[in-house]
Amino acid sequence: MKTFVKIETAKDLEAFHKRYLFYDGLVKNIHYSMADNFVALTFECRDSQEQWLLLTILINGVNVVRFLENHGNQQIISTGLRIIKTKNTGYLLTLDDESVEDPDTLQKEGDFVVAGDTVSYYENYHY
């Protein structure tokens, strides 16, 4: 059984952002369950030691899902993945341009945004 690591503190969030590199990675899978109110995202990315892995991120208590297909290939990641702590004690995950930092703006105008109550992740180096 997979053991997911829950992001609970600012320190956890900072450690996550330092550990994983998403540039030139791939969006492998997006699973959205309306019945169970979660989104599971799987990325092929690198860790801080430049080793490739599959990283699954689970967002529970989802209240915003926004995936817009623009011209080009959405599978290849050209920006960093960001998880932002929001005012309402939830989290927002985005692959949008890093120049947009406001969670409210991202929820309304972002191309790749998921917002929910909790975020956890699981890494797999053997895939």
Side-chain angles (χ1 to χ4, degrees):
M1 178 162 184
K2 295 179 183 178
T3 303
F4 281 81
V5 176
K6 189 173 183 181
I7 295 175
E8 297 182 286
T9 66
K11 187 176 178 179
D12 294 342
L13 197 52
E14 183 180 338
F16 176 89
H17 284 121
K18 285 183 179 179
R19 179 163 173 79
Y20 302 107
L21 309 171
F22 292 90
Y23 296 100
D24 297 327
L26 300 172
V27 177
K28 299 293 275 185
N29 188 16
I30 299 171
H31 178 80
Y32 178 37
S33 172
M34 292 179 78
D36 296 323
N37 202 23
F38 78 85
V39 173
L41 304 159
T42 303
F43 301 96
E44 186 170 13
C45 63
R46 292 171 287 138
D47 65 14
S48 58
Q49 304 300 309
E50 298 288 330
Q51 294 182 15
W52 287 93
L53 68 141
L54 281 182
L55 183 69
T56 300
I57 300 175
L58 181 65
I59 303 100
N60 283 302
V62 171
N63 52 49
V64 173
V65 175
R66 187 175 171 86
F67 300 123
L68 298 177
E69 178 69 36
N70 287 330
H71 302 292
N73 185 345
Q74 293 284 26
Q75 180 185 9
I76 299 172
I77 302 170
S78 59
T79 62
L81 180 134
R82 294 179 291 152
I83 300 174
I84 301 167
K85 183 85 170 122
T86 59
K87 291 181 263 185
N88 64 357
T89 69
Y91 293 90
L92 182 137
L93 179 144
T94 185
L95 283 172
D96 280 277
D97 185 328
E98 295 169 343
S99 66
V100 180
E101 295 180 11
D102 179 51
D104 293 330
T105 301
L106 284 165
Q107 286 183 32
K108 293 174 188 165
E109 301 173 13
D111 291 339
F112 193 108
V113 177
V114 179
D117 296 333
T118 64
V119 176
S120 54
Y121 62 93
Y122 170 78
E123 60 184 34
N124 179 6
Y125 284 92
H126 307 287
Y127 62 99

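Numbering of residues begins at 1 and proceeds along the displayed sequence. Keep in mind that what you see is a predicted model, and the values were worked out from it rather than measured.
Heavy-atom minimum distance, His17 versus Leu81: CD2-O, 3.7 Å. Contact detail for Thr86 and Pro103: the closest heavy-atom pair is CG2-CB, 4.0 Å. Residues Lys85 and Leu13 approach most closely at N-CD2, 4.2 Å, considering heavy atoms. Nearest heavy atom pair, residue Tyr91 against residue Asp117, reads CD1-O, 3.6 Å. For the residue pair Ala115 and Gln107, the shortest heavy atom distance occurs at CB-NE2, 4.2 Å.
Tracing side-chain contacts under 4.5 Å through hydrophobic residues (I, L, V, M, F, W, Y), one never reaches Phe43 starting from Trp52; they form parts of separate clusters. Val27 and Tyr127 sit in two unconnected hydrophobic clusters of ILVMFWY residues. Membership requires side-chain heavy atoms under 4.5 Å apart, directly or through other members. Under the 4.5 Å side-chain heavy-atom criterion for ILVMFWY residues, no single connected hydrophobic cluster contains both Val113 and Val62. Linking Ile, Leu, Val, Met, Phe, Trp and Tyr residues whenever their side-chain heavy atoms come within less than 4.5 Å leaves Leu106 and Leu93 in two separate clusters. Hydrophobic clustering (side-chain heavy atoms under 4.5 Å, transitive across Ile, Leu, Val, Met, Phe, Trp, Tyr) keeps Leu92 apart from Ile57.
Contacts of Arg66 classified as salt bridge (charged side-chain N to carboxylate O under 4.0 Å, His left out), with partners at least two apart in sequence or in another chain: none. Shown here are the side-chain contact (heavy atoms from CB on, under 4.5 Å) partners of Thr79, two or more places apart in sequence or in another chain: Leu95.
Note: Arg19 CZ to Cys45 SG = 9.5 Å, rounded to the nearest 0.5 Å. Leu54 contributes atom CG, which lies 11.5 Å from atom NE2 of His126 (distance to the nearest 0.5 angstrom). Going from atom CD of Glu44 over to atom CG of Leu55 covers 11.0 Å, rounded to the nearest 0.5 Å. Here CG of Asp36 is found 7.5 Å from NE2 of His31. Values are rounded to the nearest 0.5 Å. The line from CG of Asn29 to OG1 of Thr42 is 5.0 Å long, rounded to the nearest 0.5 Å.
Under the 3.5 Å distance criterion, the side-chain polar atoms of Asp96 are matched with a main-chain donor or acceptor of Phe112. Side chain of Asp47 to main chain of Gln49: a donor-acceptor pair is present (N/O by atom type, distance under 3.5 Å, no hydrogens or angles).
Using a 4.5 Å heavy-atom threshold, the side chains of Val5 and Phe16 count as separate. By the 4.5 Å heavy-atom criterion applied to side chains, Phe67 and Tyr32 are not counted as neighbours. For the pair Phe4 and Thr118, the minimum side-chain heavy-atom distance is 4.5 Å or more.
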**Asked** Do Ile7 and Asp12 pass the side chain to side chain contact (heavy atoms under 4.5 Å, CB included) test, and can you show the C-alpha distance, the side-chain angles, and the key distance before you say yes or no?
**Response** CA-CA 5 Å; Ile7 295 175; Asp12 294 342; 4.0 Å; yes

**Message:** For Ile59 and Leu41: C-alpha separation, side-chain torsions, deciding distance, then whether side chain to side chain contact (heavy atoms under 4.5 Å, CB included) applies.
**Reply:** CA-CA 8 Å; Ile59 303 100; Leu41 304 159; 3.8 Å; yes

**Asked** Can Asp24 and Arg46 be said to form a salt bridge (charged side-chain N to carboxylate O under 4.0 Å, His left out), step by step?
**Response** CA-CA 9 Å; Asp24 297 327; Arg46 292 171 287 138; 5.0 Å; no

**Item:** From CA spacing to verdict: side chain to side chain contact (heavy atoms under 4.5 Å, CB included), Leu21, Glu50
**Value:** CA-CA 8 Å; Leu21 309 171; Glu50 298 288 330; 3.6 Å; yes

**Request:** For Ile84 and Glu101, run side chain to side chain contact (heavy atoms under 4.5 Å, CB included): C-alpha distance rounded to whole Å, both residues' side-chain angles, the deciding distance at 0.1 Å, then the answer.
**Result:** CA-CA 9 Å; Ile84 301 167; Glu101 295 180 11; 5.9 Å; no

